[in-house]
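Report on the structure given below.
All ligand and atom numbering here is 1-based and tracks the order in the structure.
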Amino acid sequence: MDDGCAQAGLMPVEEALQRLLALADGAPLEASERLPLAATDGRVLAETLVAGLDLPPWDNSAMDGYALRLADWQGEPLPVSQRILAGSAPEPLAVGSCARIFTGAPLPAGADCVEMQENVELLADGRVRFLQPLKARQHVRPQGQETRRGEVVLEAGTRLTPLELGLVASLGVAAVTVRRGLRVAVLSTGDELVEPGRTLGPGQIYNSNRQLLIGWLQRLGCEVLDAGILADDLAATRAALAGLHDAELILSTGGVSVGEADFLGAALREEGELALWKLAIKPGKPLTFGHFRGVPVLGLPGNPASTLVTFGLLARPYILRRMGVRQVEPLGFSVPAGFAWSKPGSRREYLRAQVQSGRAVLYPNQSSGVLRSAAWADGLVEVREHSTLSEGEAVRFIPFSELLG
Ligand code: AMP
Ligand code: MG
């Protein structure tokens with residue numbers, strides 16, 4: 001593996017993403033399982049879902065009203081020959097009559113038109129007078145208007161949400177084949193780290209990345225192996241990586257700067273499998289990708305806001321693609337900047353921002369160590385490298401809701 005653009009300037013975010021997606025495409029997770037529909041929210045569909053029936057299965061009424069055959073009607077009131085509720089099987093429509101019908105009930109054979117009950121007059125003798133001109137097929141939901149039997153309804157690689165699950169249920173499918181979650185080991189590196197609940201010693205801080213990443217990975221449908229805190233030590237790093245041979249990805253934070261404390265990089269380099277990318281991204285910049293005895297290792301920068309941004313924009317799509325998801329990039333929206341940006345940077349910036357009255361407003365402290373900015377924010381504003389902005393100019397806003405799931 002080459003050494004990225006370590007010497008030759010910074011690697012654009014798009015290029016890093018394309019490289020990671022190519023790596024993911026080369027290491028797809030094949031394992032899948034068949035589960036009852038109710039257990040598949042958030043999972044990735046591993047099969048192509050083909051409709052086994054027409055939807056709707058028969059012509060039915062879109063209204064509470066009266067069904068008739070238009071050719072039978074010359075403007076005179078019609079007698080009511082049957083009453084058709086949703087869930088019932090109608091008789092063919094008697095010639096010269098109409099049928100009382102309710103929303104979702106099957107149209108009787110012979111009927112081709114529905115009038116809503118608001119537009120009729122019920123006569124004392126029980127007949128129905130139609131008050132408005134009628135058109136063939138009005139208020140009729142035709143058989144197969146949503147789906148024809150044999151049509152592909154969902155492609156393999158679709159992430160299932162309650163919206164897709166509702167559709168699958170409407171086709172009568174009770175179980176689907178989904179990908180197993182990627183087994184991801186989370187390692188937090190740093191001698192200074194302590195888990196919450198313990199007392200801080202001198203120079204120590206609480207480990208926030210572990211909590212951030214474990215919850216996020218679970219939302220992505222991964223199986224998380226919590227590998228705890230790893231000391232800044234080469235032998236310990238080597239041993240920790242070796243112990244995680246069951247993982248399908250080792251995700252570590254911290255210790256990826258090119259500094260002396262880069263033990264992750266050193267351990268991977270010993271295996272001959274390291275790329276260190278210097279990315280044109282802020283917060284972020286250093287990112288490590290390599291393999292330890294066949295297991296892919298992704299090393300994210302340790303500052304919590306850097307971890308957040310590089311995970312959301314790079315690790316998340318990589319992980320989803322490993323699980324077969326085709327559409328892995330978040331939707332962004334154009335919003336007017338509620339701030340000015342006068343100093344162009346050489347890295348693309350992802351600023352923690354809220355949308356207030358339709359404008360992107362920045363958290364005052366954008367330091368990569370400040371996770372509070374993210375908890376405050378609704379999402380990330382993207383300011384492209386080498387660019388300036390005046391207030392009111394359009395910027396891309398990526399809501400956290402797009403990244404978190
Ligand atoms: P590093 O990349 O290891 O040099 O870490 C960069 C900064 O992020 C340092 O200030 C670390 O203390 C901090 N940091 C690294 N890992 C974590 C973590 N898991 N939780 C909170 N802060 C961290
Ligand atoms: Mg460190």
Does [X] come within less than 4.0 Å of ligand 1, judged by its heavy atoms?
{"X": "Ser208", "value": "yes"}
{"X": "Pro301", "value": "no"}
{"X": "Arg210", "value": "no"}

Under 4.0 Å from any heavy atom of [X], which atoms of ligand 1 are there?
{"X": "Tyr206", "result": "20 (N), 21 (C)"}
{"X": "Ile205", "result": "12 (O), 21 (C), 22 (N)"}
{"X": "Gly255", "result": "1 (P), 2 (O), 3 (O)"}
{"X": "Asn207", "result": "18 (C), 19 (N), 20 (N)"}
{"X": "Glu192", "result": "11 (C), 12 (O)"}

Answer whether the closest heavy-atom distance between the side chains of Gln143 and Asp59 falls below 4.5 Å. yes
Can you find a pair of side-chain heavy atoms, one from Met116 and one from Asp64, that are under 4.5 Å apart?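 Not touching, per the 4.5 Å side-chain cut-off.
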Considering only heavy atoms, does Leu193 approach ligand 1 within less than 4.0 Å through its side chain, its backbone, both, or neither?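 The side chain, only.
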Does the side chain of [X] come under 3.5 Å of the side chain of [Y] through a donor N or O and an acceptor N or O?
{"X": "Arg100", "Y": "Gln82", "value": "no"}
{"X": "Gln204", "Y": "Arg198", "value": "no"}
{"X": "Thr158", "Y": "Glu155", "value": "no"}

Would you name the heavy atoms of Val114 and Ser61 that are closest together and state the gap between them?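 What the structure gives for the nearest pair is CG1-OG, 3.5 Å.
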Should the pair Phe130 and Trp73 be assigned to parallel (<30°), tilted (30 to 60°) or perpendicular (>60°) ring geometry?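 The rings of Phe130 and Trp73 stand perpendicular, inter-plane angle above 60°.
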